[in-house]
Amino acid sequence: MHKCEPLYIERFSVFQRLTHLLVIVSFLTLAVTGMALKFAMEDWAQWIAFMTGGFTVLGALHRFFAIVTFFYFFLTMILLYTKWKESGKSLLGFIFDAEGLVPNLNDLKEMIATFKWFFGGPRPYYGHWTYWEKFDFMAVFWGIAVIGSSGLALWFPEIFSKFLPGWGLNIATIIHSDEALLASGFIFTIHFYNTHLRPDKFPLDPVIFVGSITVDELKHERPREYDQLMASGDLDKLTQCRAPEAWLKRLSTVFGIFVVVTGSMLVVSIIISMVKHIHF
Amino acid sequence: MDNITKYLSRIVLFFFALFAVSFLLPGNSLALTNDECIECHSDEDLTTEKNGETVSLFMDIEIFKGTIHADNGCVSCHEEADVAGDEHPFPMSPVNCENCHDEIGEIYQNSAHGLSISDHNDKMAPRCKDCHTKHNILPPTNKEASTYPLNIPFTCGRCHREGTEMTKSHDLNQHNIIENYSMSIHGKGLFVDGLIVTAVCTSCHTAHNVQKASNPDSTVNRDNIVDTCNQCHVGIVDQFKLSVHGNPDSTTDKKRPICIDCHNSHTIAQVDRKDFRLIIADQCGNCHAHESETYLETYHGRASMLWGGEKTAKCSDCHGSHNIMPIKSEKSMINAVNIVETCAKCHPNANQSFTTYLTHATHNDREKYPYLFYTFWAMTGLLVGTFAFFGLHTILWVPRALIEKFKEITAKK
């Protein structure tokens, strides 16, 4: 029955993997350059500014990767558009697809089941996207809208103030900076743990770089998707014998760990700085 | 007969007076000549014992001939030596410059240096010779003089340089003054640019009337500093006296700044240099603490803490420096009639709406900035809520995942 052992199935296309790479590089740079300004009174922030060549360089990098962010946002829209066309569904049908990226009632049930699992219940019957993965995806959408719009206002304050009062820039500053704190804090702790640092993946789940997982992993981690593919008979069509290239795996591990360590260092610096400035 | 006696006695009196006056004249012909002194004192090996130390009594008359006192006889100053014959009393009293320089002498006697000697018997306090030298006294316009502007920091520095016996044994308010001075705009003017019109020690402290800053008569006392700086910085002081900080007609009872509160006395920096620009907020913050703190919360303030941050707007870029006026004045840079122009220095397309940006905003003041306050707390609520939920989610996940991993490992065995 099996073509070979182990058998692989693609989870992320090359397009998706490259998009995520853009997300990593731009998000990490935006976080480092932005937090250096937000926490400018801290030694680590001053070190970052010094090492990169000063706050004008930080500003230039921040704006460049803001453009990259808008670019991958645009790429994602193209990706979603092609997926929608491939699916042959109506627009609403595609957006609210039971196995799509928009959270639904089943995700709530799965979340409750997950909390039960934490306390010894059975492992939930996860599908193609778990609720925390959906949250990550939707959070980037929400984050780009909020951080992006407030960031544009701060980038072009004179134009902004033609439409809104100048003190709106003060509000934009708070929103931009705190939403960014939320995004960085979330990605560098919760996303890192949920996806990479949890004991069954530690230190890194390379699937976002190499693209495929084994069918055994699929069966264990996403039983509902496995059962759906078995039922539809698509599994055989989608599986392949070719394992991810060894060099790609190695490169992914090195790069991925570098990013996880950098992000973690930044978040630790932020936490220490915030605790230092809390006055009881 | 009476007339003859009177006449003779007048002649005697005349010669007596002539004789007496002749002692006061420099190089008087009746007194001992310099050549006579030099007969003995040109001997380079001539020495004496003084307080257990061997002191040279050699006098290089050639050097003396080039000094401002060249026309004076040795005995004009060393009066006791003026006795007929080879021997003069020994030891002799110290030379008293006040015999001729009586006005300066009186000023000096009442200066901090002079009083240290008369009131406290301070052995380290300088006398005339310590600054002017003994025999090699040249006019202050002579490059070789110890009192020539280029040499003054070295002359004063002999005692006031950090680490000398004087600085170690005296309780001084200021430290490293020579080092700081040489790094200051005045010191660089002197040492780097070679300007003799730059301020040296004596320009501010005076030469002979040096007083502690706490003395109300001191040129460096708070009440006199503006006038002292006004000796050179006339145009600036004119502006300052019209400003909210320096207006002499002001009736405010608040403490107002003087020159040295923003421009430190000895470390005074070039104001367009980054080391000065980076401390402006701190300087103004000494009095305007709240404005300084809230400024540092904004983009301008945050960026100014980073490398290259001297470029962003500082207090003086918006408020001015010596010409700061009350905001109600139309001369104020931040008055409604001027503020667009002020912002436009950096933001060329600034408009009236743009100027409502809050440059001293804080989200901690609900009364003053309710929008910022509520935005901040809404965002904080979002952060706390998200992290609380997912934090709990992760904390509960960790032990379960570890148990699963443990099961997996043991199952393999």
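Proteins get letters first, then strands, A, B, ... in listed order; numbering begins at 1 in each. Values in this document were obtained by computation on a predicted structure and should not be read as measured data.
The parts of A:K162 that come within reach of chain B are both its backbone and its side chain, each placing non-hydrogen atoms under 4.5 angstrom from that chain. For chain B, the nearby parts of A:W117 are the backbone and the side chain; heavy atoms of each come within less than 4.5 Å. In this structure, chain B has a heavy atom under 4.5 Å from the side chain of A:T189, while its backbone stays farther away. Looking at B:P348, both its backbone and its side chain come within 4.5 Å of chain A, counting heavy atoms on both sides. Contact annotation for A:S177: neither backbone nor side-chain heavy atoms come within less than 4.5 Å of a heavy atom of chain B. Residue A:F160 does not touch chain B at all, counting heavy-atom pairs closer than 4.5 Å. If you measure heavy-atom distances from B:F373 to chain A, you find no contacts under 4.5 Å at all. Using a 4.5 Å cut-off between heavy atoms, A:I48 makes no contact with chain B at all. There is no contact between B:T355 and chain A, counting heavy-atom distances below 4.5 Å.
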Run the side-chain contact (heavy atoms from CB on, under 4.5 Å) check on A:V57 and B:W307 step by step: do they pass?
CA-CA 10 Å; A:V57 178; B:W307 188 258; over 6 Å; no
Test ring-ring contact (aromatic ring centres under 6.0 Å, His included) on B:Y371 and A:W167; report intermediate values, then the result.
CA-CA 9 Å; B:Y371 295 128; A:W167 51 262; 4.8 Å; yes
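Across all non-hydrogen atoms, the minimal contact from B:S353 to A:S161 is OG-O, 2.6 Å. Residue B:K405 comes nearest to A:D200 through the heavy atom pair CD-CA, 4.2 Å, listed as atom of the first residue, atom of the second, then distance. Nearest heavy-atom pair, A:N170 versus B:Y357, reported as atom, atom and distance to 0.1 Å: OD1-CD1, 3.3 Å. What you find for B:W397 and A:Y193 is that their closest heavy atoms are C-OH, 3.8 Å. Nearest heavy-atom pair across B:R400 and A:F118 is NE-O, 3.6 Å. Considering every non-hydrogen atom in both B:G391 and A:I190, the closest pair reads N-CD1, 4.0 Å.
Each of A:F192, A:W132, A:F135 was evaluated against B:F390; a single residue qualifies, A:F135, per the ring pair (Phe, Tyr, Trp, His ring centres under 6.0 Å) test.
If you look at B:H393 and A:Y131, their ring centroids are closer than 6.0 Å.
Chosen from B:I403, B:V398, B:L392, the residue pairing most often with chain A at heavy-atom distances under 4.5 Å is B:V398. Contact tally against chain A (heavy-atom pairs below 4.5 Å) for B:L402, B:T380, B:L372: the top residue is B:L372.
Looking only at side-chain heavy atoms (C-beta outward), A:F156 and B:N349 stay at 4.5 Å or farther from each other.
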